[in-house]
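Scope of the values below: all heavy atoms of this structure, side chains included, with no hydrogens, waters or symmetry mates.
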Amino acid sequence: MRTYRLAVVKGDGIGPEVTEAALRGMHAAARRCGFSLDAADVDLGAERYLRTGEVLDEGTVSALRTHDAVLLGAVGDPRVPPGILERGLIVALRVAFAQSVNIRPVRLYPGVQSPIRGVTDQNCDLVVIRENTEGLYTGGGALAHAGTAHAVAVQNSLTTVAATTDTVEFAFRLAQARRRRVTLCHKTNILMHAGQLWQEVVDQVALRYPEVEHDYVHADAMCQHLPLDPGRFDVVVTDNLFGDIISDLGATVQGGLGLAASANYNVAGTAPSMYEPVHGSAPDIAGKGWANPAAAALSAALCLAGLGEREAALCLEAATASVLAELPSLAGPGMGGDTAALGDRIAARVMDVDPAQHTGGDGSLMSALSRIARERAAAVI
Ligand code: ATP
């Protein structure tokens with residue numbers, strides 16, 4: 001039987017609750033599709049930092065590297081100053097494992113109510129592809145004369161043609177397997193140097209995908225178009241900061257943070273990809289069973305797709321969507337079950353769901369990502 005080695009970083013706050021729920025669905029999908037998951041817990045996050053003073057050590061990075069994928073819950077804690085875990089753990093792993101592409105689906109599932117009038121499951125199915133290691137997130141810069149009237153801060157933004165090309169190429173490959181449209185989102189009118197580089201890369205890559213249309217939308221205009229007319233987008237490609245912001249807007253459009261999944265994806269397969277819900281550790285609801293496990297379960301489905309396990313990914317996505325459609329509320333005490341109970345419901349549903357009913361066929365993100373993973377595996381062989 002094929003077995004995948006999965007490193008599981010449950011993390012802090014609601015991280016362990018949603019990850020355990022998602023894992024139950026993942027194991028069920030593996031059972032249904034005839035393979036197994038060897039899941040190993042890895043102790044990282046705020047608790048470990050507060051206990052040991054260590055955020056991420058070389059030994060842990062090497063251990064993670066030996067796995068086929070990393071499943072992450074959430075890291076964060078009000079006792080840890082901002083930046084320590086975000087930069088020292090999440091950004092560090094993205095860089096160490098060359099996870100140069102962040103995949104954030106914005107899909108409204110049937111039966112889920114968007115807070116935006118007019119958005120339905122028929123017109124909201126797009127994917128934000130965000131460059132994941134550069135831009136303003138490289139951290140370079142300085143703060144001089146801090147705390148004085150003469151304080152000066154410089155925050156550098158880095159854009160390389162290599163990482164931009166990887167990201168744009170991936171966006172076009174995905175679009176080719178979906179509805180064949182790529183939209184570049186940037187601020188080319190203000191950030192003229194980086195903007196020009198992005199536009200030139202898009203124009204170059206587009207030559208290799210003549211059947212994929214491409215257009216351009218400013219990041220500020222995107223904040224209007226995405227909620228009011230999501231149907232005009234298929235794959236949106238963008239830089240790190242804009243991607244961070246517009247995909248949270250997307251999360252709201254699709255029903256909230258409890259439903260938003262993501263993948264930090266190593267395109268070449270040289271290191272494991274890392275799959276995580278978009279939400280954080282939500283300390284306000286941690287331990288109450290009020291966290292919706294759908295975002296973690298859909299991230300787990302992306303993980304199965306990233307491993308090339310199309311059928312299992314579709315079953316887990318369909319089961320999650322089917323349970324979501326039954327919930328009286330998408331978060332909090334009124335969900336109709338606590339986090340663990342919803343995880344059990346998703347896992348049970350995995351065994352008898354018809355994936356074709358829920359998942360949007362060959363053009364769905366799960367199908368497209370599985371195909372890309374299989375083509376990559378075949379190319380390596
Ligand atoms: P962190 O500092 O770790 O990012 P946070 O609370 O600032 O934590 P989020 O964890 O993203 O940020 O939470 C933002 C809000 O969304 C909180 O009110 C939280 O309760 C809610 N929320 C987040 N995830 C979920 C979920 N899975 N189900 C229900 N509500 C959630």
Side-chain angles (χ1 to χ4, degrees), residues 100-108 112 114-137 155 157-159 163-176 178-203 205-206 209 212-257 259-265 278-279 295 363 365 368:
S100 59
V101 169
N102 192 288
I103 307 171
R104 291 198 176 185
V106 179
R107 181 168 177 192
L108 185 66
V112 175
S114 169
I116 315 290
R117 199 175 49 215
V119 175
T120 70
D121 60 293
Q122 297 299 309
N123 62 20
C124 182
D125 177 11
L126 62 115
V127 185
V128 176
I129 297 298
R130 160 187 170 192
E131 197 290 315
N132 209 24
T133 57
E134 297 191 341
L136 277 159
Y137 289 59
Q155 190 83 49
S157 179
L158 179 85
T159 307
T164 309
T165 304
D166 277 354
T167 309
V168 170
E169 179 89 38
F170 184 78
F172 271 83
R173 275 183 83 185
L174 200 57
Q176 189 167 43
R178 287 172 47 91
R179 299 196 307 277
R180 300 189 172 180
R181 171 179 282 270
V182 169
T183 301
L184 170 63
C185 169
H186 207 281
K187 275 297 278 184
T188 52
N189 54 343
I190 300 291
L191 308 181
M192 291 169 68
H193 310 301
Q196 184 177 339
L197 192 150
W198 272 91
Q199 186 64 66
E200 283 174 7
V201 168
V202 167
D203 293 342
V205 172
Y209 295 86
V212 177
E213 287 177 66
H214 67 99
D215 62 359
Y216 171 83
V217 169
H218 286 318
D220 44 348
M222 181 59 84
C223 294
Q224 296 200 29
H225 295 315
L226 199 155
L228 296 180
D229 188 13
R232 70 183 267 176
F233 302 112
D234 175 17
V235 176
V236 174
V237 67
T238 189
D239 99 325
N240 213 339
L241 178 64
F242 299 138
D244 195 355
I245 295 167
I246 64 166
S247 55
D248 265 33
L249 179 61
T252 299
V253 173
Q254 73 187 119
L257 276 176
L259 282 70
S262 83
N264 301 283
Y265 192 66
V278 168
H279 63 71
L365 173 60

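Evaluated for a side-chain contact (heavy atoms from CB on, under 4.5 Å) with Met222, the options Val236, Ile245, Thr238, Leu249 yield exactly one hit, Val236.
Remark: Arg180 CZ to Phe172 CZ distance equals 13.0 Å, nearest 0.5 Å. In this structure, CG in Leu241 is found 8.0 Å from CZ in Arg130, a value given to the nearest 0.5 Å. Summarising the geometry, atom CG belonging to Asn123 is positioned 7.5 Å from atom CG belonging to Asp229; distances are rounded to the nearest 0.5 Å. Note that the CG atom of Leu136 and the CG atom of Asn240 stand 8.5 Å from one another [nearest 0.5 Å]. The CG atom of Asp121 sits 6.0 Å away from the CG atom of Leu108 when rounded to the nearest 0.5 Å.
Arg104 is listed as a side-chain neighbour of Asn102, based on a closest heavy-atom distance under 4.5 Å. Side-chain contact between Val112 and Gln254 is absent, with no heavy atoms from C-beta onward closer than 4.5 Å. Inter-residue side-chain proximity for Val106 and Pro230 is flagged as unmet; no heavy-atom pair is nearer than 4.5 Å. Ile129 places a side-chain heavy atom less than 4.5 Å from the side chain of Val101. Looking at Val217 and Phe233, their side chains come closer than 4.5 Å, going by heavy atoms from C-beta outward. Between Asp239 and Glu134, every side-chain heavy-atom pair lies at or beyond the 4.5 Å cut-off. In this structure, Ile103 and Leu365 have side chains that are in contact, with non-hydrogen atoms separated by less than 4.5 Å. Looking at Leu184 and Val237, their side chains come closer than 4.5 Å, going by heavy atoms from C-beta outward.
Between the Tyr216 side chain and the Thr188 main chain, a donor and an acceptor come within less than 3.5 Å of each other. Checking side-chain atoms of Arg179 against main-chain N and O of Val235 turns up no donor-acceptor pair under 3.5 Å.
Heavy-atom neighbours of Gln199 CD from other residues, nucleotides or ligands within 6.0 Å: above the threshold of 12. Heavy atoms from other residues, nucleotides or ligands lying under 6.0 Å from CD of Gln196 number 12 at most.
Using a 3.5 Å distance cut-off with no hydrogens or angles, the side chains of Glu131 and Thr133 do pair a donor with an acceptor.
Looking at every heavy atom in both residues, Leu259 comes nearest to Gly255 through CD1-O, 4.0 Å. Closest approach of Thr167 and Ser100 over heavy atoms only: OG1-O, 3.7 Å. The nearest pair of heavy atoms linking Leu257 to Ala295 is O-CB, 3.7 Å. When every heavy atom of Cys185 is checked against every heavy atom of Ala219, the shortest pair comes out as SG-CA, 3.6 Å. In this structure, Ser114 and Val253 approach most closely via the heavy-atom pair OG-O, 2.7 Å. Closest approach of Ala261 to Pro105, counting heavy atoms only: O-CD, 3.4 Å.
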Subject >> Step-by-step side chain to side chain contact (heavy atoms under 4.5 Å, CB included) determination, Arg232 to Leu126 >> reply: CA-CA 9 Å; Arg232 70 183 267 176; Leu126 62 115; over 6 Å; no
**OP:** Any chance you could lay out the side chain to side chain contact (heavy atoms under 4.5 Å, CB included) test for Thr159 and His193, step after step, and finish with the verdict?
**Re:** CA-CA 9 Å; Thr159 307; His193 310 301; over 6 Å; no
**OP:** Would you sort out whether Asp248 and Val278 count as a side chain to side chain contact (heavy atoms under 4.5 Å, CB included), showing the intermediate values?
**Re:** CA-CA 8 Å; Asp248 265 33; Val278 168; 3.4 Å; yes
Subject >> Tyr209 and Val182: CA distance, side-chain angles, deciding distance, side chain to side chain contact (heavy atoms under 4.5 Å, CB included) verdict >> reply: CA-CA 11 Å; Tyr209 295 86; Val182 169; over 6 Å; no
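Every residue two or more places apart in sequence or in another chain was checked for a ring-ring contact (aromatic ring centres under 6.0 Å, His included) with His214, and none qualifies.
With respect to the salt-bridge test (charged N to carboxylate O, under 4.0 angstrom), the residues Asp220 and Lys187 qualify.
Note that Arg173 lies outside the cation-pi zone of Tyr265, set by a 6.0 Å cut-off to the ring centre and a 45° limit from the axis.
Using the six-membered ring where Trp is involved, His186 and Trp198 have ring planes that are tilted, between 30° and 60° apart.
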